[in-house]
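Here's the structure, in structure tokens; my notes come after.
For the single chain, residues carry numbers from 1 onward in sequence order.
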Amino acid sequence: MSTVELEEAVVPTPWQPQPGPQEKAIRASFVPELFFGGARGGGKTSFLMGDFASDVQKYGSVWRGIILRRSFPELDEVVEEGKKVLYPAFPGTEYKVGVHEFRIPHATGTVTLRLRHLESEADADNYMGHQYTYIAFDELCNWPNLGGYNKLKACLRSTAKIDNLRVRATGNPGGVGHQAVKEYFIDAGAPETIIQDDKSAIPRMWIKSLVTDNKILLDADPLYIKRLQSVGDPELVRAWLEGDWSVSLGAYFTNWNSRHCIIPSFEIPEHWPLFGGLDYGESSPTSFGLYTIDYDSHVYRLCEYYQAGATASTHAYEIDRMIAANPHTNGRRPQQIFADPSMWVKRRLSEVVNQSPADVFLQQGLSLTKANNDRVTGWRVINDMLAQRKLHCFDGWNDNLCRTIPSLPRSKSNPEDLDTHTEDHAADELRYAVMHLYQPSRAMPSQNANPFFGSNVLDQLPVAKQRRIA
């Protein structure tokens, strides 16, 4: 083979979207927000690279993009996929390792695509003032919530006349952000339909991709599907192979069953005691639940307060109003409210007076009791109550607990605990409330048969006769 023939043989083929979901997602550039994903191996990262590349020639140097992953090591895969897509499409493209960005030559100047990691929502503040025409989150479910995602949307702007500025995200079922992604994209509407509601000011859409749509992967690796099927865990197979968002991978509360836990509301008898649970937050949500218990030890969560971005005085006032207006209890007040022990810490940053949140609640007439904060034991108590069908929530009055608790994942570092980076506020409050019902039994000391043991000696002594007083 001649030198010319050899060079022609190694020329890479320009990337093209695969027919099906990937091509549909590329063509949906008119949708401001789009989530592309489902099963593993669906060609998600290559879609992001191809989607960005599709407007490079049209807009030139004013087309600026950024692709984000949760951690820095995760970007290695993105870099390799970018080289496969961008190098053949735009000869002369370079990846600058020092600044972590692709630089694509264009007649109008250099087109840049940055690769960055966003470990927490707070890190999103580092990007305020940036301007991008294309923003993408690869594996969106790796983030515990959509806080950073929503903040970065403020960076989607340009002074150039670009009519399809867009945000793109990919992901599979599972991960700490499973529930947040499912609620925002999957549950909001059918796939491939425009979603417009009060959760976002701009239209959004989701497109489902399966491994069977990735013909290139399956042609190169025919055994890939069989390997997915062999992982053993049926829930994992459904998530990775079928893209099933109803699964709860690694969920802690495996005994949760909506058919038994969610019940119609009814009027609470006056002789049933009322008590509350309270997990306090200011920037993060404050969660309060009102509970009762019957004579068979069935616990009922009657209603909830769930609100973020307010001070202790506001939370206390709203919770007090909710208790007074509850139609199932005729406004009876709980005998005790078991609260997050951190509420007794003074000088909260958002309070203008030198008082703890517990002091503020007391001024509202809500006396709090420090809850048992044994996390692992608390989760076990809840799981045991669920297994015995002893925990019930009034339908329509406890939406946030019923929404979050089924998919709360285990901690990877401590499988006996919950992952603390998830939306666990309602679960924490439930734990505070039910822990006071749990009384651990004490092990009886073993009998010491030694005849010289003090108590045994005393047992053998005759009972002393009382002296008669004249």
Under the side chain to side chain contact (heavy atoms under 4.5 Å, CB included) rule, collect the residues that match up with Tyr295, sequence neighbours excluded.
His271, Trp272
Taking the side chain as every heavy atom from C-beta outward, state whether Arg166 and Val31 have any pair of such atoms under 4.5 Å apart.
no
Could you state the interatomic distance from OG1 (Thr170) to CD1 (Ile207), rounded to the nearest 0.5 Å?
13.0 Å
The reported gap from CZ in Phe72 to CG in Leu118 (rounded to nearest 0.5 angstrom) is 14.0 Å
Donor-acceptor pair between Asp359 and Ser356 side chains, under 3.5 angstrom
yes
For residues 357-376, which residue pairs qualify under ring pair (Phe, Tyr, Trp, His ring centres under 6.0 Å), counting only residues two or more places apart or in two chains?
none
Report yes if the side chains of Arg332 and Ile268 come closer than 4.5 Å at any heavy-atom pair, otherwise no.
yes
Would you say Glu33 and Ser200 are linked by a side-chain donor-acceptor pair, where the criterion is simply a distance under 3.5 Å?
yes
Pair Asp340, Ser342: side-chain N/O donor-acceptor within cut-off below 3.5 Å
yes
Approximate separation, where rounding is to 0.5 Å, of Glu74 CD and Leu115 CG:
12.5 Å
Determine the minimum heavy-atom distance between Met322 and Cys303, stating which atoms define it.
CE-SG, 3.7 Å
Give, for atom CE of Met49 and atom CG of Leu113, the distance between the pair rounded to the nearest 0.5 Å.
5.0 Å
Ring centroids only, cut at 6.0 angstrom: are Trp143 and Tyr149 within range, meaning strictly under it?
no
Establish, from distance only, whether the side-chain atoms of Asp294 and Tyr300 form a donor-acceptor pair under 3.5 Å.
yes
Can you tell me if Gln22 and Ser46 form a side-chain donor-acceptor pair at under 3.5 Å?
yes
Ile202/Val167 under side chain to side chain contact (heavy atoms under 4.5 Å, CB included): CA gap, chis, key distance, verdict:
CA-CA 11 Å; Ile202 57 178; Val167 178; 5.7 Å; no
Is the shortest distance from a Lys or Arg side-chain nitrogen in Glu183 or Arg403 to a carboxylate oxygen in the other one below 4.0 Å?
yes
Can you tell me how far the OH atom of Tyr134 sits from the CZ atom of Phe52, to the nearest 0.5 Å?
8.5 Å
Heavy-atom side-chain contact between Ile319 and Leu278 under 4.5 Å
yes
Any side-chain donor paired with an acceptor under 3.5 Å for Glu423 and Asn145?
no
Using modelled atom types and a 3.5 Å cut-off, is there a donor and acceptor pairing between side-chain atoms of Asp424 and backbone atoms of Ala427?
no
Are side-chain N/O atoms of Tyr291 and Arg301 paired as donor and acceptor at under 3.5 Å?
yes
If the plane angle is over 60° it's perpendicular, under 30° parallel, otherwise tilted; pick one for His436 and Phe338.
parallel
Kindly give the heavy-atom pair with the smallest separation between Gly189 and Ile195, and that separation in Å.
N-CD1, 3.8 Å
Establish, from distance only, whether the side-chain atoms of Arg431 and Asn373 form a donor-acceptor pair under 3.5 Å.
yes
Listed once per pair and sorted, the ring pair (Phe, Tyr, Trp, His ring centres under 6.0 Å) pairs that draw on residues 393-432, sequence neighbours left out:
Phe266-Phe394, His328-Phe394, His328-Trp397
So which heavy atom on Pro341 is nearest to which on Ala371, and how close?
CG-O, 3.5 Å
Are Arg380 and Asn383 close enough that a side-chain donor and a side-chain acceptor fall under 3.5 Å?
no
Testing the 3.5 Å rule here: is there a donor-acceptor pair between the side chains of His178 and Ser407?
no
Between Arg114 and Tyr132, is there a side-chain donor-acceptor contact under 3.5 Å, judged purely by atom types and distance?
yes
Shortest non-hydrogen contact from Ala426 toward Ser287
CA-OG, 3.3 Å
If you count the non-hydrogen atoms of other residues, nucleotides and ligands that lie under 6.0 Å from OH in Tyr317, is the total more than 12?
no
Can we call the ring centroids of Tyr305 and Phe288 under 6.0 Å apart?
no
So, is the end of the Arg204 side chain (NZ or CZ) under 6.0 Å from the ring centre of Tyr184 and within 45° of the ring's axis?
yes
Between the side chain of His392 and the main-chain N/O of His260, is any donor-acceptor distance below 3.5 Å?
yes
State, yes or no, whether a side-chain contact exists between Met343 and Leu368 at a heavy-atom distance under 4.5 Å.
yes
Ion pair present between Arg333 and Asp320, side-chain N to carboxylate O less than 4.0 angstrom?
yes
Does a sphere of radius 6.0 Å around NZ in Lys199 hold more than 12 heavy atoms from other residues, nucleotides or ligands, not counting ones at 6.0 Å or beyond?
yes
Ignoring hydrogens and geometry, is there a side-chain-to-backbone donor-acceptor pair from Trp344 to Pro357 under 3.5 Å?
no
Is there a side-chain contact between Phe275 and Thr369 in this structure, where contact means two heavy atoms from C-beta onward sitting under 4.5 Å apart?
no
Between Glu416 and Arg375, is there a side-chain N and carboxylate O pair less than 4.0 Å apart?
no
For the residue pair Ile66 and Thr112, establish whether any side-chain heavy-atom pair is separated by less than 4.5 Å.
no
Is it true that a side-chain atom of Arg64 and a backbone atom of Gln131 form a donor plus acceptor pair closer than 3.5 Å?
yes
Steps toward side chain to side chain donor-acceptor pair (under 3.5 Å) verdict (Trp379, Thr377)
CA-CA 6 Å; Trp379 305 137; Thr377 301; over 6 Å; no
Quick check: does any side chain N or O of Glu119 sit under 3.5 Å from a backbone N or O of Ser71, one acting as donor and the other as acceptor?
no
Hey, is CD on Gln363 packed in by over 12 heavy atoms from elsewhere, all under 6.0 Å?
yes
Spell out, as yes or no, whether a donor-acceptor pair under 3.5 Å connects the side chain of Arg389 to the backbone of Leu386.
no
Are the side chain of Arg410 and the backbone of Pro415 linked by a donor-acceptor contact shorter than 3.5 Å?
yes
Please tell me whether Asp138 and Thr45 have a donor and an acceptor in their side chains that are separated by less than 3.5 angstrom.
yes
Just verifying a value: how many Å separate Ile405 CD1 and Cys393 SG, rounded to the nearest 0.5 Å?
7.5 Å
Ignoring hydrogens and geometry beyond distance, is a side-chain donor-acceptor pair present between Ser411 and Asp417 at under 3.5 Å?
no
Between the main-chain N or O of Glu192 and the side-chain N or O of Lys208, is there a donor-acceptor pair closer than 3.5 Å?
no
Minimal heavy-atom distance between Asp51 and Arg168, with the atoms involved, is OD2-CG, 3.4 Å
Are the side chains of Cys402 and Ile262 in contact, using a 4.5 Å heavy-atom criterion?
yes
State, yes or no, whether a side-chain contact exists between Thr193 and Met205 at a heavy-atom distance under 4.5 Å.
no
Show the nearest heavy-atom pair for residues Ile135 and Leu156, with the distance to one decimal.
CD1-N, 3.8 Å
Polar side-chain atom of His315 near backbone of Ala310 as donor-acceptor pair, under 3.5 Å
yes
Would you find a donor on one side and an acceptor on the other, under 3.5 Å apart, between the side chain of Thr422 and the backbone of Asp419?
yes
Short side-chain donor-acceptor distance under 3.5 Å, Tyr306 and Asp399
no
Aromatic rings Tyr95 and Phe102: how do their planes relate, parallel, tilted or perpendicular, breaks at 30° and 60°?
tilted
